[in-house]
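Report on the structure given below.
In what follows, chains are A, B, ... by sequence order, proteins preceding strands, each numbered from 1. In what follows, every heavy atom counts, from backbone to side chain, and hydrogens, waters and symmetry copies are set aside.
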There are 2 protein chains.
Amino acid sequence: MNINPKKISNPQLKEQEFSINHQKLIDATIETIAKRGLADTTIAQVAKKAMVSQGYANFRFKSKENLLLSSLKFLSDEYKNSWQRIFEDNNLDPVGRVIKIIENDFSSKIASRNKIAVWVSFYSEVKFRPSYLTICQKQDEIYSSQMEKLIKELNFLTDQTFLTPREISETYLSMVDGLWQRILFDPKMYSHVFCKGLIKKYFKNIYTDEKRFV
Amino acid sequence: MNINPKKISNPQLKEQEFSINHQKLIDATIETIAKRGLADTTIAQVAKKAMVSQGYANFRFKSKENLLLSSLKFLSDEYKNSWQRIFEDNNLDPVGRVIKIIENDFSSKIASRNKIAVWVSFYSEVKFRPSYLTICQKQDEIYSSQMEKLIKELNFLTDQTFLTPREISETYLSMVDGLWQRILFDPKMYSHVFCKGLIKKYFKNIYTDEKRFV
DNA sequence: TTTTGTATTGAATAATCATTCAATATGGGT
DNA sequence: ACCCATATTGAATGATTATTCAATACAAAA
């Protein structure tokens, strides 16, 4: 018996990847990992949450592994887009851009405990799944180099010379990763306000004259 | 057929936890997680590496879950001991102590890619296993408060007043966690030398007069 | 040597799950 | 109204794996 009404495929979209069911399954995967962990995420649960049959989920993504990989790619793209929007905003000066970056990195959309749990689940498998590693490494490279360029502009406008742009950007990115992890342990103590404050204080200590790093 | 010679139990040690097989199994568990990941760690593999039968591993630890928990506890204790040794060394002044802490946190014993992989595997399950969370939270609390106290002493000796001890210690601990994670992604770029240098530069920037933060 | 209690084995069990696929549903074209 | 291509189902399959437990090995005591 076919309970669900048939989903109409859009012939314009040659790429399967954009169909409704495809995205429903990816969303359900992320939700399931967030709620139960990667180890306890089964195709049956994901399919149930996405309201399709178990067989369909597998058929659609060819394998569970591929479904997980697609979900990681989706998360990675989501993060990239939010970051990219800030860099493309021509109304921002370097300081404003850094502040937006910090605020984005600890926004409720990006740094929710659920999403962090999903990220860390994938991180934990990076050593064993080359495909995960590739995505995470590429992501890292992009943000490292973009952040470094941004700090270079910032240093150019100030008399800060002791720390190199590379050092500042690596320190920033490490702090973000570390704080995200700590949100997992204790989301109350490591509130978004606390994390943003800590990082702004770091920048304030470097660029003492800049009043916008509260 | 019983291939292995019987292991002699030491009646002095009432606590089962100290027998040879107990430790062999924990070591094998950590090695297996490091090599294959938490998801692909089976009792059969652990038992094989520890050179005991599969049944015995389960009998000894009551359950796989308990074996994993014991392994996490072991790792946690190992870290605590290395840290504690530094705090009990009365020959060190605050600066020397901070430097030792940094060097310990990126020593090959503590910050090997294998061990970090194991840590992150457990971290990734923290949201779903209260027993893991408890251990990680407790660990975090200890280091936060000890580090804060240490920085307080350091501030007392210098004219640094802008950053509070709490802020410095939280920043330090976050950076360490973040850098560890990055070692997973790219151990060559995030070499121990690089990580230690980055953190010392952070301290050097705060305590500009202190020449030992190279 | 024989007995006895403990340590250890390894094969059987039962549960869980990814994957497959034959059967069915659907909706547009004719 | 019928056909056809595609979408979707759901039950069956086979692989993997934690857990159990009856059988065996062993060391020390008697």
- Message: Taking only side-chain N and O atoms of A:Asn58, does any of them lie within less than 4.0 angstrom of OP1 or OP2 on C:dA18?
- Response: no
- Provide, to the nearest angstrom, the distance between the CZ atom belonging to A:Phe61 and the C1' atom belonging to D:dA7. 15 Å
- If the plane angle is over 60° it's perpendicular, under 30° parallel, otherwise tilted; pick one for A:Tyr56 and A:Phe59. tilted
- Look at the side chain of B:Ser53 and decide which nucleotide, out of D:dT8, C:dA18, C:dT9, has an atom nearest to it. C:dT9
- Note on the structure: From CG of A:Leu25 across to P of D:dT9 the rounded distance in Å is 10 Å
- Item | 5' precedence on DNA chain C between A:Asp40 and A:Lys62 (nearest-nucleotide basis) | A:Asp40
- Item | side chain to side chain donor-acceptor pair (under 3.5 Å) evaluation trace for A:Gln45 with A:Thr32 | CA-CA 7 Å; A:Gln45 285 154 6; A:Thr32 305; 5.8 Å; no
- Could you check how far CD1 of B:Ile43 sits from C1' of C:dA14, rounded to whole Å? 16 Å
- Query: To the side chain of B:Tyr56, which of D:dT8, C:dT8, D:dT19 is closest?
  - Reply: C:dT8
- Separation of atom CE in B:Met51 from atom P in C:dT9, rounded to whole Å: 11 Å
- If the plane angle is over 60° it's perpendicular, under 30° parallel, otherwise tilted; pick one for A:Tyr79 and A:Tyr143. perpendicular
- Note on the structure: Rounded to whole Å, the CD1-P distance (B:Ile20 to C:dA7) equals 13 Å
- Give the rounded distance in Å between these two atoms: CZ of B:Phe59 and P of D:dA23. 17 Å
- Message: Quick check: B:Tyr123 with A:Tyr123 (ring centres under 6.0 Å apart)?
- Response: no
- Task: For A:Arg36 and C:dT16, give me the distance from atom CZ to atom C1', rounded to whole Å.
- Result: 12 Å
- Protein-nucleotide distance (A:Gln54, atom CD; C:dA18, atom P), rounded to Å: 7 Å
- State whether A:Asn21 places a side-chain N or O below 4.0 Å from either non-bridging phosphate oxygen (OP1 or OP2) of D:dT8. yes
